[in-house]
Engineer: 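What follows is a single structure, and I will ask about it in a moment.
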Amino acid sequence: MENRDNEWWAGYTGDPFGNMGQGLCENCKRRAIDRSEDPKSVLCKECREELIRKKKRRILCIGAGAAVVCICAAGVLLAVGALKKQHTQEAEAALEEISDTKDVLESKDSSEARDMSENEDVQEPDKGQESTSLTAENGYILTEMNELLDALEKDPEDINTAFRLTDIGMKYGYYDYASYAINQYIAERDISDKQYRKVIGYVDKLNIYYDTCDLSDELVEQVYEDIGEDGDPYEAMEQYCEAMSVYIGSKNYDQALVYYCLGSMTADDEARMNYLKECIEINPYYFDAQAQIATYYRRQGELEQARQILEEIYAVNKEDYAVLRSYATLELVEGNLEKGLDYALRAYELYEEGNYVVDTYIVALVANGRVEEAKELAGEYEGKDYEFDEEFYRFLDGNMTLEEYYIGD
């Protein structure tokens, strides 16, 4: 059975510094608009290409593990590919120039006012009773960041808002938001020494993170060259993991991302879980890694363990589609059909292009008795050349139960 629950990217990908003056993609709200081919485009490169591909790319699970390879028209590609390096040197250079020319002693009052933003670090999310306040601390990370972006578009000089957006993005791993805020609203501003040091620290972290993305791309390309388009995918994954494992412990590479990549490309379940747990031990805000671990426990029938993980991470982020989708499948298999549909719908509305998001939503519709609506939606996506797997059709036709669909290999 194919694994419908594995995502292979970490954080958010793209190259926002390449088109920094052009705003964020209107579809995903995460990456910079790419107008290299169409000056009127409102989409990033990834979303535009996703629309062009019409979902032809699907995920093929190898054995019982969640290590995956992408099936493309050109052949077999390792799934960790497509992570793009972010060129933060532009922001760093601008900040260094500012540091050399600014007057640190403008006035005591002005300095104190600017330094206030340094005391507005993002607080630890409240994991207790859910609040209706749509802030990052209450789990509405994307909502607050988008509101902050809107505020900055209206008032680009609001340095406190720029730092708030940057702090949230850096803390929770939404690096495109953070780098966009730095380059667009902070890099050319006269800021205090404390703020400057803070931003340079962020830039260093971004460089390390995207250097690791670049490393993964290079390893993918090397493996692809070595095994060829028709090579053994097991051999490809083994070769990739062997090469990536060399960088465990290296200070030059983001260790959480290194472990995430290894977890995403390891066929053995036990090794995969160990890698993903190492990832979130270093950085608990790898939401997809958390969702993958919960999904693993759900497939093993360990539903209480899966729920515990999802409850904890959902308290931190109520707007990550991988978490919402994983939560939907758990609620469905436990018989909480309305809740399952609610989570599936939210994931679908948030990011329908996510892997198997539409599949989960359609399954939830069927489980709630909305069969005709589900089949109509499935037909709509089939018309876009979207490829559902065999088990999906078996469930849709009533030949597979939710438990059979969501538990077991």
Side-chain angles (χ1 to χ4, degrees), residues 12 14-35 40-44 86 88 90-99 101-123 125 131-203 205-206 319:
Y12 296 98
D15 185 10
F17 281 129
N19 299 286
M20 196 58 69
Q22 300 179 20
L24 291 179
C25 171
E26 290 190 4
N27 181 52
C28 66
K29 300 292 186 182
R30 300 167 182 172
R31 297 177 285 263
I33 292 173
D34 176 26
R35 298 195 175 106
K40 296 182 180 180
S41 176
V42 294
L43 301 176
C44 64
Q86 180 145 326
T88 56
E90 178 183 349
E92 184 173 9
L95 286 165
E96 288 175 350
E97 183 177 350
I98 293 170
S99 182
T101 59
K102 68 185 180 65
D103 181 3
V104 179
L105 301 176
E106 286 182 292
S107 70
K108 182 178 180 180
D109 290 341
S110 176
S111 178
E112 289 178 349
R114 288 194 303 267
D115 286 347
M116 285 179 63
S117 66
E118 294 302 299
N119 297 320
E120 296 179 355
D121 291 336
V122 180
Q123 301 298 315
S131 170
T132 57
S133 179
L134 301 182
T135 63
E137 289 82 4
N138 291 306
Y140 299 96
I141 301 170
L142 285 172
T143 294
E144 182 171 1
M145 288 195 300
N146 286 329
E147 289 178 352
L148 292 170
L149 275 175
D150 291 340
L152 285 169
E153 289 179 1
K154 297 175 182 177
D155 184 8
E157 302 301 313
D158 188 347
I159 193 67
N160 286 337
T161 296
F163 267 100
R164 172 67 178 171
L165 175 58
T166 304
D167 289 342
I168 293 174
M170 291 303 299
K171 173 166 184 173
Y172 294 107
Y174 290 83
Y175 294 129
D176 280 3
Y177 277 89
S179 55
Y180 182 86
I182 290 172
N183 196 67
Q184 191 78 351
Y185 300 108
I186 297 176
E188 297 182 1
R189 297 291 304 281
D190 185 10
I191 57 179
S192 70
D193 283 341
K194 286 178 65 178
Q195 290 172 325
Y196 171 79
R197 289 192 296 269
K198 184 177 190 177
V199 175
I200 285 298
Y202 284 161
V203 168
K205 184 174 181 179
L206 287 169
E319 298 178 307

Engineer: Ion pair present between Glu147 and Lys154, side-chain N to carboxylate O less than 4.0 angstrom?
Structural biologist: no
Engineer: Determine yes or no for a side-chain-to-main-chain donor-acceptor pair under 3.5 angstrom, with Arg189 supplying the side chain and Glu157 the backbone.
Structural biologist: yes
Engineer: Step by step, work out the side chain to side chain contact (heavy atoms under 4.5 Å, CB included) result for Lys198 and Asp167.
Structural biologist: CA-CA 10 Å; Lys198 184 177 190 177; Asp167 289 342; 3.1 Å; yes
Engineer: Hey, could you give me the CD1/OH distance between Ile186 and Tyr196, rounded to the nearest 0.5 Å?
Structural biologist: 13.5 Å
Engineer: Quick one: are Leu149 and Tyr180 in side-chain contact, heavy atoms under 4.5 Å?
Structural biologist: yes
Engineer: Is there a donor-acceptor pair closer than 3.5 Å between any side-chain N or O of Ser179 and the backbone N or O of Asp176?
Structural biologist: yes
Engineer: Which heavy-atom pair separates Tyr185 from Ala162 by the least distance, and what is that distance?
Structural biologist: CB-CB, 3.8 Å
Engineer: Judged by atom type as modelled, is there a donor-acceptor pair below 3.5 Å linking the side chain of Gln195 to the main-chain atoms of Ser192?
Structural biologist: yes
Engineer: For residues Leu206 and Tyr175, determine if any side-chain heavy atom of one lies less than 4.5 Å from a side-chain heavy atom of the other.
Structural biologist: yes
Engineer: What distance separates Tyr202 OH from Ile182 CD1, expressed to the nearest 0.5 Å?
Structural biologist: 8.0 Å
Engineer: What is the distance from atom CD1 of Ile168 to atom CG of Leu148, rounded to the nearest 0.5 Å?
Structural biologist: 5.5 Å
Engineer: Is there a salt bridge (Lys or Arg N to Asp or Glu O under 4.0 Å) between Lys171 and Glu144 once you walk through the steps?
Structural biologist: CA-CA 14 Å; Lys171 173 166 184 173; Glu144 182 171 1; over 6 Å; no
Engineer: Are side-chain heavy atoms of Leu134 and Asn138 found at a separation under 4.5 Å?
Structural biologist: no
Engineer: Shortest non-hydrogen contact from Ala181 to Leu165?
Structural biologist: CB-CD2, 3.7 Å
Engineer: Determine whether the side chains of Tyr177 and Asn146 contain a donor N or O and an acceptor N or O closer than 3.5 Å.
Structural biologist: yes
Engineer: Tell me whether Glu319 contacts the main-chain N or O of Thr143 through its side chain, where contact means a donor paired with an acceptor under 3.5 Å.
Structural biologist: yes
Engineer: Of all the heavy-atom pairs spanning Arg164 and Ala136, show the shortest one and how long it is.
Structural biologist: NH2-CB, 4.4 Å
Engineer: Applying the side-chain contact (heavy atoms from CB on, under 4.5 Å) test to Phe163, which of Thr161, Ile159, Asn160 qualifies?
Structural biologist: Ile159
Engineer: For Ala178 and Met170, which heavy atoms make the closest approach, and how far apart are they?
Structural biologist: CB-SD, 3.5 Å
